[in-house]
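Here the structure is laid out as structure tokens; the discussion comes afterwards.
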Amino acid sequence: MKTKKLLLGDEALALGAIRAGLSGAYAYPGTPSTEILEFVQNDPEARRRGIHSHWSSNEKTAVEEALGMSFCGKRSLAAMKHVGVNVAADPFVNSAMTGANGGMIVVAADDPSMHSSQNEQDSRFYADFAMIPALEPSSQQEAYDMAAYGFDLSERLGLPVMMRMVTRLAHSRGVVAVDEENRPENELRYPSKPSQWVLMPGNSRRRYAELIASRPEVLGESERSPFNRYIPGGDRSLGILASGIAYNYVMEAYPAGCPFPILKISQYPLPLESVGRLFDECDVVLVVEEGQPVIEQSLRGALDSNAKVRGKLDGYLPRTGELTPDSVRSALGSLAPGTVAPLPQVPEPHRLVAPRPPALCQGCSHRDVYAALNGALAEYADAKVFGDIGCYTLGWLAPFNAIDTTVDMGASITMAKGAADAGQHPAVAVIGDSTFTHSGMTGLLDAINEDSPITVIISDNLTTGMTGGQDSQGTGKIEQICLGLGADPAHVLTIDTLPRKVEEMKDMFRKEFDHKGLSVIVARRECIQTARRHAAGKSPKA
């Protein structure tokens, strides 16, 4: 029995996992993946069953926790945005060597066009690199259906499975037919080959040979996948290979039906027999994929010798940013003039949205930190401030223009240390509380061990503000963490970031800039948005 629900792609995936016998979900918040764990946390059925769902300190710990649950035979899910896969790469790649016992899905939510990200990397490369099967839904319905399918596939193959989402699918809604009944959760059971979970060289060499030997079986799953479809067409002057959400853009160009053969790809590795059929039947093949040209590069080969392939590498489709129905129509129109449906006419005023540049919220505690920091640094000719990932990254913009670098989670402290090693003074790091516990603690330990002459400002707003107010793992513990790592108690300071204390902060900053060793200043005031929710009596996100 099915019922219909209007769901975000993230919500559809999460609900599909719950219905498929999920026992544990782990994640670090990051757009566009955040809503997956939030849905599990708030779903009544998940609460009733006691499904474990808690924010992890970072993506690496999330994958390791999910792998531990899989070891015990239970079905688990780890969710993150694409740059989080970089953080989780160690356990993710090695999980192909250990394998999975209970079904395990790693969700990588990519962000083409960098709506809220540092880069446009494509997580399909990671799946190929690790030799792990990957699923790429083209709709909210497929996101829902692929959760159960992915768990089953993981258990059949004894491997984790990656599910690649993209921003447009994760954050758009669609009607999804969902099951009313839930599959029972797996019973506790342990691996039949315990040795492959101990990656000592002898075990690993044996396990790697088994992983290589399993590739035909993994490829066979792609050839038989219900999510990979070959759709014949009468006009074979052009063939279309479309993956994930890009398949929808192709179909929008042909509302009456596509006249050309189409190979829809939503499961990897590439189904080579189906790809070969498309190439045998068609004069030219257009590859339409969201993100980087992962499929196109594999089809062209290292020498770029396949003259039949068209796509991003020869300019038919844009190499950067998201695909759009317009860009796909343009490519199809170039290769097959007169075949695509005309664009619907939309009155111009409705096509334009007034730009709204990002800015720190009025009343945000980070504003007071930057006001004090700029005032204190005005006395130094060559001060440099190393920023980090979070709301406070907006301090780079006017009116503050307060930071010089932002690279990745936790890099503020380590880059400040490297700059100080080069002779930079003052070298200041600005990092948020959640980012500090995600990736800043190890950098601080390096600075502590050398008593590096840097000032670390931990702008603590008591939440993970950038992604909507999720729990911060270090709330109430920041000073204790710094002291436990070995920071000098005389230079671990705390101040309330209130407008009336800006002058006091400036004085504190100046004093610590001139200290010939490491200083940590915890500048604390609750995020204005979570404070408003608390004042309104709304419970914070778990």
Side-chain angles (χ1 to χ4, degrees), residues 7-13 30-36 79-86 107-127 134-143 162-174 240-254 262 264-266 268 286-297 310-335 340-341 343-344 346 350-358 466-467:
L7 299 171
L8 294 174
D10 278 349
E11 294 171 340
L13 191 165
T31 304
S33 70
T34 306
E35 291 83 1
I36 296 170
M80 63 208 68
K81 68 183 296 174
H82 62 291
V83 288
V85 185
N86 300 334
V107 182
D110 290 356
D111 188 22
S113 286
M114 295 178 277
H115 295 284
S116 59
S117 305
Q118 306 97 284
N119 68 26
E120 274 194 356
Q121 74 185 48
D122 193 315
S123 297
R124 292 176 295 169
F125 282 116
Y126 266 113
L135 303 173
E136 185 182 14
S138 64
S139 66
Q140 288 81 4
Q141 185 67 59
E142 282 194 347
M162 172 182 277
M163 189 180 300
R164 185 216 186 197
M165 299 287 282
V166 294
T167 301
R168 288 293 162 197
L169 179 57
H171 284 172
S172 61
R173 293 188 182 274
I240 302 169
L241 190 158
S243 69
I245 197 171
Y247 171 75
N248 297 315
Y249 300 155
V250 172
M251 300 312 292
E252 284 184 35
Y254 299 108
I262 300 178
K264 174 187 176 293
I265 299 293
S266 284
Y268 302 85
L286 175 66
V287 180
V288 189
E289 54 187 322
E290 184 74 288
Q292 297 177 6
V294 176
I295 298 173
E296 185 180 348
Q297 284 181 330
R310 301 290 183 269
K312 296 189 173 192
L313 295 177
D314 55 9
Y316 279 90
L317 289 162
R319 181 68 190 265
T320 62
E322 293 175 293
L323 292 177
T324 66
D326 290 4
S327 63
V328 172
R329 265 190 177 87
S330 176
L332 292 167
S334 297
L335 291 166
V340 295
L343 283 171
V346 179
H350 295 260
R351 295 175 65 92
L352 298 176
V353 177
R356 190 181 66 174
M466 187 74 165
T467 50

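For Val340 against Gly333, the heavy-atom pair with the smallest separation is CG1-N, 4.1 Å. Here the closest non-hydrogen pair linking Ala170 and Pro32 is CB-O, 3.5 Å. Between Asp111 and Ser117, the shortest heavy-atom distance links the atoms OD2-OG, 2.6 Å. Across all their heavy atoms, Ser266 and Glu142 have their closest contact at OG-OE1, 3.6 Å. Residues Ile295 and Ser243 come closest through the heavy atom pair CD1-CB, 3.8 Å.
By the 4.5 Å heavy-atom criterion applied to side chains, Val107 and Asp10 are not counted as neighbours. The shortest distance between side-chain heavy atoms of Leu313 and Arg319 falls below 4.5 Å. Counting only heavy atoms from C-beta outward, the side chains of Leu169 and Pro137 approach each other to under 4.5 Å. Side-chain atoms of Gln297 and Phe125, non-hydrogen and from C-beta on, do get closer than 4.5 Å to each other. Taking the side chain as every heavy atom from C-beta outward, His171 and His115 never approach each other to under 4.5 Å.
Qualifying side chain to side chain contact (heavy atoms under 4.5 Å, CB included) partners for Ser172, counting only residues two or more places apart in sequence or in other chains: Gln140. The side chain to side chain contact (heavy atoms under 4.5 Å, CB included) test applied to Leu8 returns Glu11, Glu35, Arg173, not counting sequence neighbours. Evaluation of the salt bridge (Lys or Arg N to Asp or Glu O under 4.0 Å) rule for Glu296 yields Arg300 as partners, not counting sequence neighbours. In this structure, the side chain to side chain contact (heavy atoms under 4.5 Å, CB included) partners of Ala134, at least two apart in sequence or on a different chain, are Ala127, Met162, Tyr268. With sequence neighbours left out, the side chain to side chain donor-acceptor pair (under 3.5 Å) criterion links Ser116 to no other residue. The side chain to side chain donor-acceptor pair (under 3.5 Å) test applied to Arg168 returns Glu322, not counting sequence neighbours. For Tyr316, the side chain to side chain donor-acceptor pair (under 3.5 Å) test picks out no residue, with sequence neighbours left out. Applying the salt bridge (Lys or Arg N to Asp or Glu O under 4.0 Å) test to Asp110 and every residue at least two apart in sequence or in another chain returns Arg164. The side chain to side chain contact (heavy atoms under 4.5 Å, CB included) search around Val83 returns Lys81, Asn86, Gln118, Asn119, Gln121, not counting sequence neighbours. Judged as a side chain to side chain donor-acceptor pair (under 3.5 Å), and not counting sequence neighbours, Ser139 has no contacts. Residues satisfying the salt bridge (Lys or Arg N to Asp or Glu O under 4.0 Å) criterion with Lys312, sequence neighbours excluded, are absent altogether. Contacts of Glu290 classified as salt bridge (Lys or Arg N to Asp or Glu O under 4.0 Å), with partners at least two apart in sequence or in another chain: none.
Looking at Asn248 and Ser138, their side chains never bring a donor and an acceptor atom within 3.5 Å of each other.
Rounded to the nearest 0.5 angstrom, Leu286 CG and Leu317 CG are separated by 5.5 Å. Interatomic distance, CD1 of Ile265 versus CD of Glu136, reported as 9.5 Å (0.5 Å rounding). Taking OH of Tyr247 as the reference point, atom CD of Glu252 lies at 11.5 Å (rounded to 0.5 Å). Distance check, rounded to the nearest 0.5 Å: CD of Gln292 to OG1 of Thr320 gives 11.0 Å. Atoms CE and OG, from Met163 and Ser123 in turn, are 13.0 Å apart once rounded to the nearest 0.5 Å. For the atom pair Asp122 CG and His82 NE2, the distance stands at 9.5 Å (nearest 0.5 Å).
A side-chain donor-acceptor contact under 3.5 Å links Ser334 to the backbone of Ser330. Remark: the backbone N or O of Pro112 is not paired with any side-chain donor or acceptor of Glu120 at under 3.5 angstrom.
The one candidate from Ile262, Val328, Ile240 that meets the side chain to side chain contact (heavy atoms under 4.5 Å, CB included) condition with Met251 is Ile262.
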